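Worksheet: one structure, shown below.
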Amino acid sequence: MPENSINYYLALKKNGVTPELHLYENGGHGFGLGVKDTSKNWTKDCEEWLKNHGYY
């Protein structure tokens, strides 16, 4: 359920952070690297966001 992620996204936006939200078909809470059914792309998406905003 993405509700908490959506709330987090909205809170970031409200506080002047430029957020980006990706919802993936498979996965779950606490899923990390290499866990079955977890998108392998989320780390690349995160890295790209960090680079685009000068955090990486």
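Worth saying up front: this structure is predicted, and the values here are computed from it rather than measured.
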Worksheet item: Salt bridge between E47 and K51, side-chain N to carboxylate O under 4.0 Å?
Response: yes
Worksheet item: Which value, rounded to the nearest 0.5 Å, describes the distance between Y9 atom OH and H22 atom NE2?
Response: 10.0 Å
Discussion item. Can you tell me how far apart CG (L50) and OG1 (T43) are? Round to the nearest 0.5 Å.
Written reply: 11.0 Å
Worksheet item: In terms of hydrophobic clusters joined by side-chain contacts under 4.5 Å, are V17 and L10 together?
Response: no
Worksheet item: Counting N and O atoms only, with roles assigned by atom type, does the side chain of W49 sit under 3.5 Å from a partner on the main chain of P19, one being a donor and the other an acceptor?
Response: no
Practice prompt. Nearest 0.5 Å please: distance from the CD atom of E20 over to the CG atom of N52.
Written response: 7.5 Å
Discussion item. Quick check for you: to the nearest 0.5 Å, what is the distance between L12 atom CG and L21 atom CG?
Written reply: 10.0 Å
Fill in: Straight-line distance of Y56 OH to C46 SG, nearest 0.5 Å
10.0 Å
